[in-house]
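To find a chain, count down the sequence lines: A is the first, B the second, and so on, and within it residues start at 1.
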There are 2 protein chains.
Amino acid sequence: MNLTVTEENYIKSIFHLQQAEGNVSTNELAASLHTKPASVTDMLKKLTNKNLLNYIPYQGVRLTKDGKKQALMIVRKHRLWEFFLVDKLQFGWDEVHEVAEELEHVSSKKLVEKLDSFLGHPKFDPHGDPIPDIHGNMVAVRQFNLIDIKPGTLVEVCSVGSQSAELLELLRHKNIGISTEMLIMKKFEFDHSVEIKIKNSQHINISQQLAQALFVKLV
Amino acid sequence: MNLTVTEENYIKSIFHLQQAEGNVSTNELAASLHTKPASVTDMLKKLTNKNLLNYIPYQGVRLTKDGKKQALMIVRKHRLWEFFLVDKLQFGWDEVHEVAEELEHVSSKKLVEKLDSFLGHPKFDPHGDPIPDIHGNMVAVRQFNLIDIKPGTLVEVCSVGSQSAELLELLRHKNIGISTEMLIMKKFEFDHSVEIKIKNSQHINISQQLAQALFVKLV
DNA sequence: TAAATTATTTAGATTTGTCTAAAAATAATT
DNA sequence: AATTATTTTTAGACAAATCTAAATAATTTA
Ligand SMILES: [Mn+2]
Ligand SMILES: [Mn+2]
Ligand SMILES: [Mn+2]
Ligand SMILES: [Mn+2]
């Protein structure tokens, strides 16, 4: 079953949205895809006919097993290409997302697998997100939101909550990236900011908004 | 000016067809793009409005300066990706064309230039065709059709007349590839076949059809 | 030159993905 | 419970790219 670029983008968005919440609503999807709710309704019907998702009018949508499998293969391609761009072509990790949005739709299965070999079967993309293998499996690292970590804990950044240019610009400025190790020093009640100490570096303050966008694992 | 994938494919086809002949006809284009003449007429009007080609009804079409420039950049991407697939991902030279047909439409300019650097600025693709540089210039190697070479001449294969699977299969079987050196031994009037001797190998016979599909340079 | 053939264009329809505006269903407030 | 607000769906229109069938132009053949 061959999907159009548009269909693939819908499937992928639903996949990401249904991780967080249960059923994905029409409005959520419209926002995420920068389109209108009416257009989403049309597409949901179409994808339902292709057995990629279960859709109940007014109740939102979830991917079927098949839909999830398709989504995982698109995510696999997206993250492999991002790794390629950073590791081989010297792109910055904050400039690869847009390009990968196009590359992920190149259809050759052989290309994906040969690319994976060429890259040495990487397990994580440049943003710290796990790369699904050919069967759709990915390593599960227990991740915590930085805002929930108790003072005194040593953690390592393993992914970021979005790929927005604004966020990545701020991270670059603060010298925080994937695999940066940091000690949580203190949490301030007033503005929910967090004081941290980056390994071999000075103490800095992280705003509530930034802390909520950082995911870490215990080291 | 951003072109759709379809528009890019039209521009590229016209570019290739107008190399050989003068004006490109509607029917030729339809055949080359596996579409119908009526569809071609529609698209020619559209591309004319975008100033990419000069179109006179019933008289065929030629690219404008701008159209040619666009075409060269698509060809550049196509051939760079083909080189990448063969040189880095270990694809066979006979299996890269289809994949490159998709990759050539990925739009990031930065990607093309970084890919070019990563590959070491190759001058020829795996089929021996020259890769245009960022300004659209490509090295011109004087090429001859093997069928026109006089006996006694030493030549080197530098490109093939088509990328058909059938042709590439035969070449693989005869152990002929890009940069294969061969001495032209004798031409037979009866069937216009050619006897050649591949360097460090035995004498073999090349059919008229095959000789017409091989382009060589003098060494 | 006139007739027949071939090439090209026009006319009208179709598919895909989108949109706006209006109607209907659901959820939240009073 | 009734009203209001929000969400979602329907109805109808539109642009892009395509197709078939018919009309017209150009070319070839007789
Ligand atoms: Mn991304
Ligand atoms: Mn990523
Ligand atoms: Mn090719
Ligand atoms: Mn090629």
B:N27, nearest nucleotide to its side chain (from C:dA7, D:dT8, C:dT9): C:dA7

Whole-Å distance separating the CG atom of B:N49 from the P atom of D:dA16: 11 Å

D:dA22 - base-pair partner by Watson-Crick or wobble geometry, distances under 3.5 Å: C:dT9

Euclidean distance, atom CD of residue B:E7 to atom P of D:dA16 [Å, nearest integer]: 9 Å

Nearest to side-chain heavy atoms of A:T35, which nucleotide of D:dT8, D:dT18, C:dT18: C:dT18

Protein-nucleotide distance (B:Y55, atom OH; C:dT8, atom C1'), rounded to Å: 7 Å

Nearest to side-chain heavy atoms of A:A38, which nucleotide of D:dT18, C:dT8, C:dA21: C:dA21

DNA chain C: 5'-proximal contact among B:V40 and A:P57 (nearest heavy atom): B:V40

Under-4.0 Å side-chain N/O to phosphate OP1/OP2 contact, A:Y10 with C:dT18: yes

A:K50/A:D66 ion pair, N-O < 4.0 Å: no

Touch class at under 4.0 angstrom, heavy-atom based, for A:S39 against every strand present: base

Length of the line joining B:K36:NZ and D:dC19:C1', which is rounded to integer Å: 7 Å

Residues B:S193 and B:S207: side-chain donor-acceptor under 3.5 angstrom: no

Side-chain touch A:N54/A:T48, heavy atoms, less than 4.5 angstrom: no

For atom OH of B:Y58 and atom P of C:dT5, their distance in whole Å: 19 Å

Value in whole Å for how far the P atom of D:dC19 lies from NE2 of B:H34: 12 Å

Nearest-nucleotide comparison on DNA chain C, the residue closer to the 5′ end among A:D42 and A:Q59: A:D42

Under 4.0 angstrom between B:K45 side-chain N/O and C:dT9 OP1 or OP2: no

Integer-rounded Å distance: D:dT8 P and A:I56 CD1: 13 Å

Aromatic ring pairing A:F118/A:F84, orientation class (parallel under 30°, perpendicular over 60°, tilted between): tilted

Sugar-phosphate, base or nothing in reach of B:T41, heavy atoms under 4.0 Å: base

Value in whole Å for how far the C1' atom of C:dT16 lies from CG of A:N9: 15 Å

Distance-only donor-acceptor check, side chains A:S108 and B:E98, under 3.5 Å: no

Under-4.0 Å side-chain N/O to phosphate OP1/OP2 contact, A:S25 with D:dT7: no

